[in-house]
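Everything on this sheet refers to the single structure shown next.
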Protein chains: 2
Amino acid sequence: MVRKPTSKETARKPNMREAILAAAEELFATNGFNAVSVRDIAQAAGANPGSVTYHFKTKDGLLLEIYRRHCGPMNLRRSELLAAAKRVRDLQDRLEAIVRAYVVPAFTSGSDLAGGGARFTRLRAVMSAEGNEVARKIIAQTFDDTSHAFIDAIHESLPHIPRTDIVWRSHFLLGALYYSLVTPDRVSRLSRGEADGSDAAGAIEQLVQATVAAFQAPALDQAAPARRRAVVSSKT
Amino acid sequence: MVRKPTSKETARKPNMREAILAAAEELFATNGFNAVSVRDIAQAAGANPGSVTYHFKTKDGLLLEIYRRHCGPMNLRRSELLAAAKRVRDLQDRLEAIVRAYVVPAFTSGSDLAGGGARFTRLRAVMSAEGNEVARKIIAQTFDDTSHAFIDAIHESLPHIPRTDIVWRSHFLLGALYYSLVTPDRVSRLSRGEADGSDAAGAIEQLVQATVAAFQAPALDQAAPARRRAVVSSKT
DNA sequence: TGATCTTTTGTACGATAGTACAAATCACAT
DNA sequence: ATGTGATTTGTACTATCGTACAAAAGATCA
């Protein structure tokens, strides 16, 4: 606002760099990394293929920049919400608040960057499924700290549950979260139109409710596995 | 055993067609569809690229055949286990048996085809994330019936829970299941070596335990969402 | 206005993709 | 052993990929 923009920040079209980032994010998130060509991205952004190379050097560089854009704000938001959640007195309410602090930023905008964090979360889900190397490196070193913070917080709310179980359950939470964003239509289809899989608020409520209950499940003791076959094959 | 094999069933190498299918399954499941070339598959199978075209015509045809191979046996197995589970008297035990009937075939072999259903389930997870068209069509028309059968069975065990909630929770189950197969290393990493994400038996027990609790969570009433913000931002 | 720097365009290059196809090779019945 | 059909090989074609780069166009300030 105060300073005047230098030539470095000006561009012919409103903001071609941002348009390319947004187009790439959308296309990667819905089709995967390899299925999308640089030309596809350029066309969707109304740009020339050469512009992509100019701004991001390589296709990997473009993906890297998308991650850089979102990781910081999203983790910041999660940390803030987690800090607030930890101040909740009632243990049951606190657990729910912690889960919500983890889930909400993934569905809504991690920052205000062009329409929200749901698209970025979906992108992460797809990259994770594809085993994308660039994504794998950034994710491990960017999200593991936050994941540990949440696991620790949940563990404090449920001290009688082994940490291992908490890890598994939070892993399931992330999987459920990812899948909800990847194929929301499946929910609409299986519920025969009664539920809308694309409704973020509805998905959040369902996910939080189910996950809190999952975390509160009894600890998994080592004797349990022996029960498995007996229960399944029982005919009475 | 009885009949003697005709020339139609013989081949130079033990079974090149099967080798190609197995190699493709493995590569697709770990790297996605587009990242794997026909040449990659041929090399992994010890075959010539031309052989792939000969046996499966196109790359899509190869994927299609992988699905055809597994879908039938896997759904059959699930149906059998579901039928057995529905005969369990105790409601709590029955719910667990139903969930187990859904989960177990996804982790262990859906048939005895070359090492198990876990690889195929992972493949489905990856194809679903990539939005693969070939897979999407087969999945919807092959698995939806089974999914509905499970949802109905669970609904009968939990009549006080709205069907919509059951659909959401079973969707979360599938997401958790997929994610456990896609990135098992994440569990090992976050648990600091205390848990092994690649251990199918352990994953199944954790998943069943958590999911049963999730299904048993109270129904989501429409008033709940209003509580959301209050809980998160509460400072006391 | 003209010099200078940034951005966009257009095009081209080498690599690799999926697939087609003829020739070679193999298994087996006769 | 020999002919026949199934399979495998080798290779080639076309399309498209990521990327490089020179030229054009636009913006900025003396």
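Please read all numbers here as calculations on a predicted model, not as lab measurements. Chain letters run A, B, ... following the sequence lines, proteins first and then strands; every chain starts at 1.
- A cation-pi arrangement is absent between B:Arg122 and B:Tyr178, since the terminal nitrogen or guanidinium carbon is not both under 6.0 Å from the aromatic centre and inside a 45° cone about the axis.
- Near DNA chain C, meaning a heavy atom under 4.0 Å away, the residues from residues 29-39 of chain B are B:Val36, B:Ser37, B:Val38, B:Arg39.
- For the OP1/OP2 pair of C:dT8 and a distance below 4.0 Å, the side-chain nitrogens and oxygens of A:Asn48 include no atom meeting the criterion.
- A sub-4.0 Å separation between OP1 or OP2 of D:dA6 and a side-chain N or O of B:His55 is absent.
- If you take CG of B:Asp60 and P of C:dA17, they are 16 Å apart, rounded to a whole angstrom.
- Residue B:Val52 is the one, among B:Val52 and A:Gly50, whose nearest nucleotide of DNA chain D lies closer to the 5' end (criterion: closest heavy atom).
- Taking the centre and axis of the six-membered ring of A:Tyr54, the NZ or CZ atom of A:Arg17 falls outside the cone set by 45° and 6.0 Å.
- Residue A:Thr58 has its side chain nearest to D:dT19 when only C:dT8, D:dT19, D:dT9 are considered.
- A donor atom on one side chain and an acceptor atom on the other are not found under 3.5 Å apart for A:Glu130 and B:Asn31.
- One atom, NZ of B:Lys59, and another, C1' of C:dA20, lie 17 Å apart when rounded to the nearest Å.
- Protein atom CZ of B:Arg17 is 19 Å distant from nucleotide atom C1' of C:dC26, rounded to whole Å.
- Under the rule for a side-chain contact (heavy atoms from CB on, under 4.5 Å), the partners of A:Glu133 that lie at least two apart in sequence or sit in another chain are A:Arg136, A:Lys137.
- Rounded to whole Å, atom P of C:dT7 lies 11 Å from atom CZ of A:Phe56.
- Taking atom CD of residue A:Gln43 and atom P of nucleotide D:dG18, one finds them 14 Å apart after rounding to whole Å.
- For the residue pair B:Glu25/B:His70, the side-chain donor-acceptor check at 3.5 Å is satisfied.
- Counting to the nearest Å, the C1' atom of C:dG18 and the CD1 atom of B:Ile20 are 15 Å from each other.
- In this structure, A:Tyr54 does not reach the C:dT8 phosphate: none of its side-chain N or O atoms is under 4.0 Å from OP1 or OP2.
- The aromatic rings of B:Phe172 and B:Trp168 sit tilted relative to each other, their planes meeting at an angle between 30° and 60°.
- Taking atom CG of A:Asn15 as the reference point, atom P of D:dA27 lies 14 Å away to the nearest angstrom.
- Checked by atom type and distance alone, the side chain of B:Lys59 pairs as donor or acceptor with a backbone atom of B:Phe33 at under 3.5 Å.
- Summarising the geometry, the separation between CD1 on B:Ile41 and C1' on C:dG18 is reported as 11 Å, rounded to the nearest angstrom.
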